[in-house]
Participant: 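Could you have a look at this structure, given as structure tokens, before my questions?
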Amino acid sequence: MTGAFRIGPLVFPSELLVLIAAGVVGLIAARLLGRQEGDAARLGTVLWRALIIGLVAARLSFVWRYRDSYLPDPIKILDLRDGGWNGLFGLAAVWLYAMVALLRRHAPRAALLGALLLASATWLGFGRWVTPSERPVPELASLSVHDMNGAATQLSDFRGKPVVINLWASWCPPCRREMPAFAGAQAANPDIHFVFLNQGEAKATVSQFLKEHAPDLHNVLIDPASEASRQFSNRGLPATLFLDAEGRLIDLRVGELSSATLEQRLEAIRSPSAAEGKAAHGAE
């Protein structure tokens, strides 16, 4: 399942559209159920407040979990483009606020519970539907790519460790913004292969960009036909594929990643033994 949806020239991360869909379902249900009980205005107010509380709680929970990534530059907490939130914590906050509202009789009970149940079911159901399953990605082996010396290279050569494949281009502003996070992660995680697969640019352009902005990157490859972008990200850049050591696709992120959201995904693909070793090393 794709990690994004393309609507005309715009590419939207799937998790954002799922959240929007859940909110729309909840608000429509509130309007319909509220009319039956004659209190649609109060019900709508409670649901809007619940949505805001849930979003704030989900974001703050994520920030706290990866606080070491945000402490050097706290203003990044406000940059929601990285997509970092704890959805289940936010959902719990929504239901907690709803229970308080019911106890204080701020909204009709049946209508509020019905709207929240429908919104929660939408979020959970569609969230599972758009999440990439752990499946092989045989298409990667057929891509025609080459390294910076012009030699033909196979992405299958990086099997044996978890693999992160970043699709990028030098003209793409979010690609440039996230590159320092990837450079730091590559240096800090030798147990993971990082592959930077440039989309459709000439070797000279890529070389100049690396020289000026990312001289320490390893495993930079060129996909001259942008085939990977067409196959995996609906031509949206940046896009990042996260594969475990067996080559199964664990996650696909279309859009900018921060240090925190990148670390979250590295935890998901790292083997348990490697994760324990890294944690022990960090504790020394």
Side-chain angles (χ1 to χ4, degrees), residues 1-5 12-30 43 46-71 76-103 106-107 109 111-135 162 240-242 244 248-272 275-276 279:
M1 190 61 61
T2 181
F5 291 94
F12 297 92
S14 57
E15 62 267 22
L16 175 60
L17 293 187
V18 169
L19 178 63
I20 293 173
V24 169
V25 167
L27 292 172
I28 292 175
L43 180 59
V46 169
L47 283 175
W48 274 111
R49 289 176 179 173
L51 177 61
I52 294 171
I53 288 172
L55 290 173
V56 172
R59 179 62 174 175
L60 291 180
S61 174
F62 179 87
V63 168
W64 178 254
R65 170 67 179 83
Y66 298 98
R67 56 192 178 277
D68 290 344
S69 296
Y70 290 102
L71 284 176
K76 290 184 178 179
I77 294 173
L78 302 178
D79 189 355
L80 303 181
R81 292 173 299 185
D82 67 358
W85 56 64
N86 184 333
L88 290 178
F89 192 89
L91 185 62
V94 166
W95 276 96
L96 180 61
Y97 170 75
M99 294 303 102
V100 172
L102 287 176
L103 289 174
H106 289 169
R109 177 177 299 179
L112 178 57
L113 289 176
L116 283 178
L117 283 171
L118 286 172
S120 299
T122 300
W123 184 76
L124 293 171
F126 278 90
R128 293 178 65 87
W129 179 63
V130 301
T131 299
S133 58
E134 296 184 5
R135 55 185 174 84
T240 309
L241 289 77
F242 297 85
D244 66 11
R248 294 172 299 189
L249 179 64
I250 303 301
D251 199 358
L252 168 60
R253 163 72 177 177
V254 179
E256 185 176 347
L257 285 162
S258 65
S259 297
T261 49
L262 179 55
E263 179 60 28
Q264 177 193 36
R265 287 161 170 82
L266 296 184
E267 291 175 357
I269 63 172
R270 182 180 285 114
S271 65
E276 291 171 1

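Numbering starts at 1 and runs along the sequence shown. All of these numbers come straight from a predicted model, not from anything done at the bench. These numbers come from the heavy atoms of this one structure, side chains and all, not from hydrogens, waters or symmetry mates.
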Participant: How many angstroms lie between CE in M99 and CG in L102, if you round to the nearest 0.5 Å?
Facilitator: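 One finds 4.5 Å between CE of M99 and CG of L102.
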
Participant: Go through the steps to decide whether L27 and L47 satisfy the test side-chain contact (heavy atoms from CB on, under 4.5 Å), and finish with yes or no.
Facilitator: CA-CA 7 Å; L27 292 172; L47 283 175; 4.2 Å; yes

Participant: Look up atom CG in L116 and atom CG in L43, then write down how far apart they are to the nearest 0.5 Å.
Facilitator: 8.5 Å

Participant: How far apart are the closest heavy atoms of A119 and G26, and which atoms are they?
Facilitator: CB-CA, 3.9 Å

Participant: Just grab all the salt bridge (Lys or Arg N to Asp or Glu O under 4.0 Å) pairs involving residues 60-69, residues at least two apart or on different chains.
Facilitator: R65-E267

Participant: Got a donor-acceptor contact below 3.5 angstrom from the R253 side chain to the E256 backbone?
Facilitator: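 Side chain of R253 to backbone of E256, a donor-acceptor pair under 3.5 Å: yes, one is there.
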
Participant: To the nearest 0.5 Å, what is the distance between CG (L117) and CG (L112)?
Facilitator: 9.5 Å

Participant: Nearest 0.5 angstrom please: I52 CD1 to Y97 OH, how far?
Facilitator: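 Rounded to the nearest 0.5 Å, the CD1-OH separation comes to 9.5 Å.
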
Participant: About how many Å separate OG1 of T240 and CG of L257, when rounded to the nearest 0.5 Å?
Facilitator: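 Rounded to the nearest 0.5 Å, the CG-OG1 separation comes out at 5.0 Å.
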
Participant: I'd like to know whether L51 forms a side-chain contact (heavy atoms from CB on, under 4.5 Å) with V94, so could you lay out the CA-CA distance, the side-chain angles of the two residues, the decisive distance to 0.1 Å, and finally the verdict.
Facilitator: CA-CA 7 Å; L51 177 61; V94 166; over 6 Å; no

Participant: Supply the atom-to-atom distance I250 CD1 to D244 CG, rounded to the nearest 0.5 angstrom.
Facilitator: 4.5 Å

Participant: Give the C-alpha distance, both sets of side-chain angles, the deciding distance and a yes or no for side-chain contact (heavy atoms from CB on, under 4.5 Å) between F242 and L252.
Facilitator: CA-CA 6 Å; F242 297 85; L252 168 60; over 6 Å; no

Participant: Does any part of the side chain of L266, heavy atoms only, come nearer than 4.5 Å to the side chain of E263, both counted from C-beta?
Facilitator: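 Side-chain contact under 4.5 Å: yes.
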
Participant: Does OH belonging to Y66 count more than 12 external heavy atoms closer than 6.0 Å?
Facilitator: yes

Participant: Step by step, work out the side-chain contact (heavy atoms from CB on, under 4.5 Å) result for S259 and Y70.
Facilitator: CA-CA 8 Å; S259 297; Y70 290 102; over 6 Å; no

Participant: Please list, chain by chain and in numerical order, all residues satisfying side chain to side chain donor-acceptor pair (under 3.5 Å) with T261, sequence neighbours excluded.
Facilitator: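 Partners of T261 under the side chain to side chain donor-acceptor pair (under 3.5 Å) test: S258.
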
Participant: Compile the donor-acceptor pairs under 3.5 Å between side chains in residues 55-63 and protein atoms, sequence neighbours left out, one pair per line.
Facilitator:
unit_1: R59; atom_1: NE; unit_2: I77; atom_2: O; d: 3.1
unit_1: R59; atom_1: NH1; unit_2: D82; atom_2: OD1; d: 2.9
unit_1: R59; atom_1: NH1; unit_2: G84; atom_2: O; d: 2.7
unit_1: R59; atom_1: NH2; unit_2: K76; atom_2: O; d: 3.3
unit_1: R59; atom_1: NH2; unit_2: I77; atom_2: O; d: 3.0
unit_1: R59; atom_1: NH2; unit_2: D79; atom_2: O; d: 3.2
unit_1: S61; atom_1: OG; unit_2: N86; atom_2: ND2; d: 3.2

Participant: How close do A115 and A29 get, counting heavy atoms only, and between which atoms?
Facilitator: CA-CB, 3.9 Å

Participant: Evaluate the side-chain proximity of L88 to W123: yes if any heavy-atom separation is below 4.5 Å, no if none is.
Facilitator: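 Counting from C-beta outward, W123 and L88 do come under 4.5 Å.
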
